[in-house]
2 protein chains.
Amino acid sequence: MHADDVFKALADPTRRRLLDLLCEQNGQTLGKLCEHLDMTRQSATQHLGILEAANLVSTVRRGREKLHFINPVPLHEVYERWVRKFERQRLSLLHDLKQELEGG
Amino acid sequence: MHADDVFKALADPTRRRLLDLLCEQNGQTLGKLCEHLDMTRQSATQHLGILEAANLVSTVRRGREKLHFINPVPLHEVYERWVRKFERQRLSLLHDLKQELEGG
DNA sequence: AGAATATGCAGGTAGATACCTGCATGTCAA
DNA sequence: TTGACATGCAGGTATCTACCTGCATATTCT
């Protein structure tokens, strides 16, 4: 897994919006997704390409259309590997700061 | 909460490394953190500034030193608001793709 | 076949980003 | 007070990024 690609892909609000749109209705075409975005089709294509490179979106060609599907696996892996560590130590990390602020 | 700041802050590998370093030992100074990074102190300062702006790191001055502490709260909020939605639908989202691939 | 539709590809540009160097400020300790 | 130490601040630059326009290709429908 390439954590950097996933994080970079998530860093852009348009790409998070695309994931949201696909979450509402999975398997949408490029044109359909563009209806909800305030930019040219070509720009949206680039964003979808980045999501695809990060393996967050998988595509299937159907005739002249290209269907886009969310792949939730990388998100899950990123969470497991990067976020849960901080979650586990959440209270103790806050405790460290609190103690310092109190002059510990 | 400013989700965009948090995601952008997490998009850089150096900044994720800084969070890791603070997770290992919370409350480190700038100089201490720099020992583990292959860049100038000034560059590291910028990264820490971005983490602080995203509220992922809180700082406390102690004399001429500046102590850095992780704040795990924004990470938790981002997870709750952005990741769990996909988690909940994980299996059904994969199901959509599988069905399309099988010619559904 | 020919028109309409859906997407692909090749540049071009303004602004953001991640580095850097150089110098200034503030704090501690002898 | 003075030297050493820790950090702050002001630019400067190369690269990346996100957008655009223009044109090409592929598929469907009449």
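Chain naming here is simple, since letters A, B, ... match the order of the sequence lines and numbering starts at 1 in each. Remember, it's a predicted structure, so these values are computed and weren't measured experimentally.
Proximity of B:Lys66 to the phosphate of D:dG8: a side-chain N or O atom is located under 4.0 Å from OP1 or OP2. Between A:Arg15 and D:dA18, a side-chain N or O to OP1/OP2 separation shorter than 4.0 Å is present. The shortest distance between the side-chain N/O atoms of B:Ser43 and the OP1/OP2 oxygens of C:dA18 is not below 4.0 Å.
Side-chain contact between B:Gln89 and A:Pro72 is absent, with no heavy-atom pair separated by less than 4.5 Å.
If you check every strand for non-hydrogen atoms under 4.0 Å, A:Arg41 touches a base.
B:Leu48 has its CG atom 13 Å from the C1' atom of D:dG8, to the nearest Å. Per the geometry, NZ belonging to A:Lys8 stands 18 Å off P belonging to C:dA16, to the nearest Å. Counting to the nearest Å, the P atom of D:dT17 and the CE atom of A:Met39 are 16 Å from each other. The CG atom of B:Asp5 sits 15 Å away from the C1' atom of C:dT17 (whole-angstrom rounding). Atom CD of B:Glu52 is separated from atom P of D:dT7 by 13 Å (rounded to the nearest Å). Whole-Å rounding puts the A:Leu33 CG to C:dT7 C1' distance at 13 Å. Between the CG atom of A:Asp38 and the P atom of D:dA18 there is a distance of 16 Å, given to the nearest Å. In this structure, the CZ atom of A:Arg17 is 14 Å from the P atom of D:dC19, given to the nearest Å.
The pair A:Asp4-B:Arg16 counts as a salt bridge, with a side-chain nitrogen and a carboxylate oxygen less than 4.0 angstrom apart.
Applying the 3.5 Å distance criterion, the base of C:dT5 shares a donor-acceptor pair with the side chain of A:Arg64. You'll find a donor-acceptor pair under 3.5 Å spanning the side chain of B:Gln42 and the base of C:dG22, going by distance alone.
Other residues, nucleotides and ligands contribute only 12 or fewer heavy atoms inside 6.0 Å of the NE2 atom of A:His2.
Comparing D:dT7, D:dC20, C:dC20 against the side chain of A:Thr40 picks out D:dC20 as the nearest. For A:Leu30, whose side chain is taken as the heavy atoms from C-beta onward, the closest listed nucleotide among D:dT21, D:dT17, C:dT7 is C:dT7. Closest to the side chain of B:His47, out of C:dA18, D:dT7, D:dT28, is C:dA18. Taking every side-chain heavy atom of B:Gln46 into account, C:dC19 is the closest of D:dC20, C:dC19, C:dT7.
When only modelled atom types and interatomic distance are considered, A:Ser58 and A:Glu52 share no side-chain donor-acceptor pair under 3.5 Å.
The shortest non-hydrogen separation linking A:Val83 to B:Leu75 is CG2-CD2, 4.3 Å.
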